[in-house]
Protein chains: 2
Amino acid sequence: MNFENDESASPAQAAAERAYEHVKGAIIRGELAGGESVSENALRRELDLSRTPMHEAFLRLAAEGLLSLEHRRGAVVRPMPPHEARDVLEMREAIESAAAARVIADGAAGDLASALESLLEEQSRAIEAEDVPVFIDADSRFHSAVIEGSGNTVAVMFTATLRDRQQRLRHQLMRVRPEQLQASLEHHRELARALAEGDATAYARTLHEHVASHRGAL
Amino acid sequence: MNFENDESASPAQAAAERAYEHVKGAIIRGELAGGESVSENALRRELDLSRTPMHEAFLRLAAEGLLSLEHRRGAVVRPMPPHEARDVLEMREAIESAAAARVIADGAAGDLASALESLLEEQSRAIEAEDVPVFIDADSRFHSAVIEGSGNTVAVMFTATLRDRQQRLRHQLMRVRPEQLQASLEHHRELARALAEGDATAYARTLHEHVASHRGAL
DNA sequence: GCCTAGAGGCTTGCATGCAAGCTTGCACGC
DNA sequence: GCGTGCAAGCTTGCATGCAAGCCTCTAGGC
């Protein structure tokens, strides 16, 4: 059964990638809950593909710490440890502070300014439209922009992992309160200002508050 | 991972794992140089296993950024970008500083003290014996101990990746000068002292110098 | 001599057969 | 009624066949 996907974007790497995204999404959205045991075979049928790509997806997810594979006994969705939120936020803060310091040290803050400005704009519009998902997406891209701007590829890699984890947290624990968005936007404005002024310490201090307010949302 | 079977008869979970360790080691040691193209087929014969476990190993290595897979064209060992050393050291510093701050905040420094003390001891003996590999190993375990002591599982995960990268750097770029070991040990002593005194700022400052001296070794 | 087209050999991605371990549940002996 | 042992069904791990894309090299036309 070899299906040519008439539509789906890349026939190139479709099967394994689709399996991966599908299962990861289900875990992140909480449709597959922590502690639940899942089998390659069951999931492979949903997506109508063979065991191989699903197996590869499971391996990737295990490497990222979202699944835990038990030898010939099946796979279990790794429950979030009680300190997951703190762990993730701490790492975000540490990595982004370092990235910001590097952006400033390299004198690359100017190149970022206009991109950050338009993201602030976007967030501002999202608040007016009361569109939380759009706001969160722009929020995430704001932080990513700073990290990518540092040119530190390792930081970029780590951030991708952290983003998945944080999304999972958001789905399972965090309640985003609308009145919080405005405060968040103010933080972002301060972050952009600190970058523009080359003040790494101020960046770190504001980021610390910013992240702390996320922690408060648990 | 599973060392109970010392005999080749039934390598419980060996094949895929062995393939992974073998290739990763070759990349880290520089036996497979950056830019070199490698094929699953060629390597699978060296280890006398089939394509599947080697394929899985390639996928893992690609996920970690050590290989770059090109669709139906083969795999290439990812060359280290020029800023690799800076990127890795920056992340090490950021993550370990955060971990130390958390150890202090949690009042867990006392639990670490004796383990760190014995590692300092070990390093001291390694200097007298002029045994650089042992020194480096103890060095690495010193930093790992602090990070594991923080209880931040994400930091532990990231650190494993960074350790591989740094080993690769060491093999390809760094020259460890023996006279540097003593200075390194002094740094470690200061780090342990800062932890014991609960001074996160001093820890971060010393770590910064420590890492900077590594950077100087390029 | 040069350019182009095509065939063959390489590569990986996926499907599937087979092996082996773990769990469960039933049947049989006591 | 209770305990033990075996068998069947699940699970994954590995081997291998097949498909399909890409590169190279050669042969033929100009």
Side-chain angles (χ1 to χ4, degrees), chain A residues 1-24 27 32 35-78, chain B residues 1-24 27 32 35-78:
Chain A
M1 71 166 110
N2 208 353
F3 287 62
E4 281 305 314
N5 287 345
D6 45 357
E7 180 51 58
S8 99
S10 66
Q13 214 167 356
E17 191 68 18
R18 255 179 43 223
Y20 170 75
E21 293 293 346
H22 180 82
V23 180
K24 187 175 90 173
I27 294 174
L32 290 173
E36 189 169 341
S37 74
V38 293
S39 109
E40 297 174 2
N41 230 330
L43 282 168
R44 116 203 142 78
R45 272 167 232 215
E46 282 183 25
L47 298 187
D48 193 38
L49 33 82
S50 84
R51 286 175 46 218
T52 303
M54 187 52 79
H55 184 61
E56 289 172 0
F58 270 45
L59 292 174
R60 272 177 81 177
L61 293 164
E64 290 173 20
L66 290 176
L67 276 183
S68 139
L69 303 182
E70 285 158 45
H71 188 57
R72 277 169 218 258
R73 308 207 311 156
V76 174
V77 179
R78 255 189 72 177
Chain B
M1 208 173 273
N2 212 348
F3 291 75
E4 53 196 7
N5 292 324
D6 49 355
E7 200 49 48
S8 57
S10 77
Q13 203 171 350
E17 191 67 19
R18 256 179 41 223
Y20 169 76
E21 292 294 346
H22 181 83
V23 180
K24 188 175 90 174
I27 294 175
L32 290 173
E36 190 169 340
S37 73
V38 293
S39 108
E40 298 173 3
N41 231 329
L43 282 168
R44 115 202 143 78
R45 273 168 230 216
E46 282 184 25
L47 297 188
D48 192 38
L49 32 83
S50 83
R51 286 175 46 217
T52 303
M54 186 54 79
H55 185 61
E56 289 171 0
F58 270 44
L59 291 175
R60 273 176 82 177
L61 293 164
E64 290 173 20
L66 291 176
L67 277 182
S68 140
L69 302 183
E70 284 158 46
H71 188 57
R72 278 171 219 264
R73 307 208 311 156
V76 175
V77 179
R78 254 190 71 177

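Residue numbers begin at 1 in each chain, while the letters A, B, ... track the order of the sequences.
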Rounded to the nearest Å, what distance is computed from the [atom1] atom of residue [X] to the [atom2] atom of nucleotide [N]?
X       : N      : atom1 : atom2 : value
A:Glu56 : C:dG13 : CD    : C1'   : 8 Å
A:Arg44 : D:dT11 : CZ    : P     : 10 Å
B:Leu49 : C:dA19 : CG    : C1'   : 16 Å
B:Tyr20 : D:dC14 : OH    : P     : 15 Å
A:Arg45 : C:dT16 : CZ    : C1'   : 13 Å
B:Asp48 : D:dT16 : CG    : C1'   : 15 Å
B:Leu69 : C:dC14 : CG    : P     : 12 Å

For [X] and [Y], which heavy atoms make the closest approach, and how far apart are they?
X       : Y       : value
A:Ala75 : A:Leu69 : CB-CD2, 3.6 Å
A:Pro53 : A:Ala19 : O-CB, 4.0 Å
A:Arg18 : A:Leu47 : NH2-O, 3.2 Å
B:Arg78 : B:Gly65 : CD-O, 3.5 Å
A:Glu70 : A:Val76 : OE2-CG2, 3.6 Å

B:His55 side chain near A:Glu56 side chain, heavy-atom distance below 4.5 Å:
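Contact flag for B:His55/A:Glu56 side chains = yes.
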Are A:Leu66 and A:Val23 close enough that some pair of their side-chain heavy atoms sits under 4.5 Å apart?
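When only atoms from C-beta onward are counted, A:Val23 and A:Leu66 do not touch, as no gap falls below 4.5 Å.
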As an exercise, state the distance from CE of B:Met54 to CD of B:Glu40, rounded to the nearest 0.5 Å.
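CD of B:Glu40 is found 8.0 Å from CE of B:Met54.
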Check whether any side-chain nitrogen or oxygen of B:Ser50 sits under 4.0 Å from OP1 or OP2 of D:dA15, and answer yes or no.
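For B:Ser50, the contact criterion (side-chain N or O under 4.0 Å from OP1 or OP2 of D:dA15) is met.
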To the nearest 10°, let me know how far the axis at one end of the helix from C:dG1-D:dC30 to C:dC30-D:dG1 is tilted from the axis at the other, five pairs an end.
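Rounded value for the end-axis angle: 20°.
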Please write out the pairs of protein N or O atoms and N or O atoms of nucleotides 5-12 of chain C separated by less than 3.5 Å, giving the distance to one decimal.
from: C:dT11; atom 1: OP1; to: B:Ser39; atom 2: OG; distance (Å): 3.4
from: C:dT12; atom 1: OP1; to: B:Glu40; atom 2: N; distance (Å): 3.1
from: C:dT12; atom 1: O2; to: B:Arg72; atom 2: NH1; distance (Å): 3.3

Before you tell me yes or no, could you show the steps for A:Glu46 and A:Leu43 under side chain to side chain contact (heavy atoms under 4.5 Å, CB included), namely the whole-Å CA-CA distance, both residues' side-chain angles and the distance that decides it to 0.1 Å?
CA-CA 5 Å; A:Glu46 282 183 25; A:Leu43 282 168; 3.8 Å; yes
